[in-house]
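Written below as structure tokens is the structure these notes are about.
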Amino acid sequence: MFAATAGFPHAYVPHLPLKTDRPTHLERQIPQAMPLIVDTDFQSGSTSNAESRFGEHKSVAVIGSGISGVCAAAHLLKYGLSVTVFERSNGAGGVWKFDERPPEDPPYIYRPPSIGDQQHIPPGAVFDGWDAKFSNLEVRFAPPSPCYVGLKTNVPTPLMGTTLGNWPEGSPASVSHSAALQYIRSLAKRSGLDAVTEFHTRVEDVRKTSDGSKWRITTLALEIEDGIPSVQFTEKVRDFDLVVVASGHYNMPRIPQIEGLKGWKDSFPDRVIHSKRYRNPEKYRNQNVLVIGAGVSATDVCKELGEVSHKTYQSTRNGRFDLPASVLPPNAVRVASVEKFVPPEAKIEGEEPTLGNNQPIPGFVVLTDGTILQDIHQIVLATGYIVSYPFLPQLHSDTAVDADPDDELVVTSDGIMTHNLHKDIFYINDPTLAFIGVPYHVATFSLFDFQAQALARVFAGRAKLPTQEDMRREYEKRVEEKGRGRFFHSLVTPGHEIAYVRDLAEWVNGYVKETGGEPMPVHSEEFLKEYDVLKSRLRGLYPEIAKNDGELQE
């Protein structure tokens, strides 16, 4: 779906008295170059050895139980693999799992993607007490998703179905987050995932064993002792044949490095938030709000504020996926991007200003066109998220840039895209590691289900991957055609999502007669009709995509 759209202490979350003390996650040193052992059988081109990596009864770890993880695990089980799902929160649902508790604030300085969004908690730590303090601990361990009270799907339900089960009969075109959550959990239950999922279990580290034959996974589980007001964290280390990363897009907030922003956040911490912490519009009643960003999440926030705020300013850099200003409510106005935040002229040394509920932030905002905004009460940074897989630090680089990664990296310091994947699924250097849910601007539930079907057939040995050389050649051709960056994973251009699924199915089904099993389906006629309607609407929202026969231009 065009989804609407961290573990660091702030004022309302006190330090938790853990009985074991270690450096915070930010202080933990992540080596710049960690040994990477790839599948040498695969690189050698030995067909018999390479094929032995896959097959029924192989053990698979699936990281995450949002819609991508549920689809992946369900199809893997269907094909006879031994599946274990790790989910750091207390239930399935991913971004659609509403929690009134917001995640903690990220630091308002550059933070490399390898750090991720969760705080380090040492194995063996014990915490005494429940209630509010336990709630804070749970938030630190598994930061809640960006889901807010008014979140609804913005892709019609006929485009959001999966082969695992239909939406309830009579479901409206747009459903609430609670209905989406119920649907995901119904798929998990009917597919038998409840029995193979470990909740409150966070994946800390994923790397190859010394001989390169398996993936060694370190997890940390939050465990509550029955009848005892005590929580402890238990570390386990297990080996798996295969790994699927399905941890989603919306974990690590992207904090823009705008002059003066950190100073405003430090002085008025409750007045400046990232949209991941946004929960409902009530706190903004009768106030002037600056929303930075013009994508789906930013526009949703502006629409919600339309009923309550005095005035909303939506600041944009005129990005390629900005929604048009015409969709904003009457009390919202589109303005230029922010150049800097200017603090109050007079400030007593060592004394932080305090503001009443109806007092605006002292100081002013300078826009790039010279406009000055004053009397701003609240700021919401709807600036998106950083690609991050902190449990794979050896596949991150905190120094390489997006434009120049090497052939081993998955994430660079920009955190804009996921590199070196075949068809946005299989890690080219070692496809026993796979990712579900990487593409953007798609009908997520449906698209991720198709990805999972292809993945399951490969992992079960029912379909064969091309050679590493062929996968690398196809990937580099795609880089040449689309360029690197966020748009590399976007299927927003009309017809591209349909072609992507058709390509997956043609490849997989080429092996059906040889290996047996059901052919992988493609989109239904009903889907294609609804898809055409949706893309016609999107052409109006994204004029740049409508030009030149739908190809997005720079």
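Two rings, from Phe86 and Phe199, have their centers 6.0 Å or more apart.
Partners of His274 according to the ring-ring contact (aromatic ring centres under 6.0 Å, His included) rule, which considers only residues two or more places apart in sequence or in another chain, are Tyr385. Under the side-chain hydrogen bond (donor to acceptor under 3.5 Å, both in side chains) criterion, Asp239 pairs with Arg216, not counting sequence neighbours. For Phe391, there are no ring-ring contact (aromatic ring centres under 6.0 Å, His included) partners at least two apart in sequence or on another chain. Residues satisfying the salt bridge (Lys or Arg N to Asp or Glu O under 4.0 Å) test with Asp407, not counting sequence neighbours, are Arg472. Checked against side-chain hydrogen bond (donor to acceptor under 3.5 Å, both in side chains), Asp241 has the following partners two or more places apart in sequence or in another chain: Ser59, Lys214. His177 is linked by a ring-ring contact (aromatic ring centres under 6.0 Å, His included) to Phe98, counting only residues two or more places apart in sequence or in another chain. Arg462 is linked by a side-chain hydrogen bond (donor to acceptor under 3.5 Å, both in side chains) to Glu56, counting only residues two or more places apart in sequence or in another chain. Under the salt bridge (Lys or Arg N to Asp or Glu O under 4.0 Å) criterion, Glu526 pairs with no residue, sequence neighbours left out. Here Tyr475 pairs with Phe488 under the ring-ring contact (aromatic ring centres under 6.0 Å, His included) rule; sequence neighbours left out. Judged as a side-chain hydrogen bond (donor to acceptor under 3.5 Å, both in side chains), and not counting sequence neighbours, the contacts of Ser178 are Ser176.
For the salt bridge (charged side-chain N to carboxylate O under 4.0 Å, His left out) condition, the pairs that include at least one residue of residues 77-92, sequence neighbours left out, are Lys78-Glu518, Arg88-Asp117. Residue pairs satisfying the salt bridge (charged side-chain N to carboxylate O under 4.0 Å, His left out) criterion with at least one member in residues 431-449, sequence neighbours excluded, are absent.
With a 4.5 Å cut-off on side-chain heavy atoms, Leu395 and Tyr427 count as touching. With contacts defined as side-chain heavy-atom distances shorter than 4.5 Å, the pair Thr153/Val175 qualifies. Side chains of Phe487 and Phe321 form a contact here, defined as non-hydrogen atoms less than 4.5 Å apart. The shortest distance between side-chain heavy atoms of Phe426 and Leu455 falls below 4.5 Å.
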Arg473/Asp470 under salt bridge (Lys or Arg N to Asp or Glu O under 4.0 Å): CA gap, chis, key distance, verdict: CA-CA 5 Å; Arg473 191 177 301 112; Asp470 286 343; 2.5 Å; yes

What verdict does the side chain to side chain donor-acceptor pair (under 3.5 Å) test give for Glu138 and His200, after you've listed the backbone C-alpha separation in whole Å, the side-chain angles of each residue and the deciding distance to 0.1 Å? CA-CA 9 Å; Glu138 193 175 33; His200 268 150; 2.7 Å; yes

If you apply the rule side chain to side chain donor-acceptor pair (under 3.5 Å), what do you find for Gln468 with Asn429, and how did you get there? CA-CA 7 Å; Gln468 184 183 34; Asn429 278 4; 3.2 Å; yes

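If you run side chain to side chain contact (heavy atoms under 4.5 Å, CB included) between Leu76 and each of Leu242, Val85, Val60, only Val60 comes through.
Contact detail for Gly485 and Met417: the closest heavy-atom pair is N-SD, 3.1 Å. Nearest heavy atom pair, residue Tyr79 against residue Ala460, reads CB-CB, 3.7 Å.
Looking only at distances, no side-chain donor or acceptor of Asp532 sits under 3.5 Å from a matching main-chain atom of Lys535.
Relative orientation of the His523 and Phe450 rings is perpendicular, given thresholds of 30° and 60° on the angle between their planes.
Side-chain atoms of Tyr500 and Asp424 include no donor-acceptor pair closer than 3.5 Å. For the residue pair Tyr183/Ser171, the side-chain donor-acceptor check at 3.5 Å is not satisfied.
A distance of 10.0 Å separates SG of Cys147 from NZ of Lys97, quoted to the nearest 0.5 Å.
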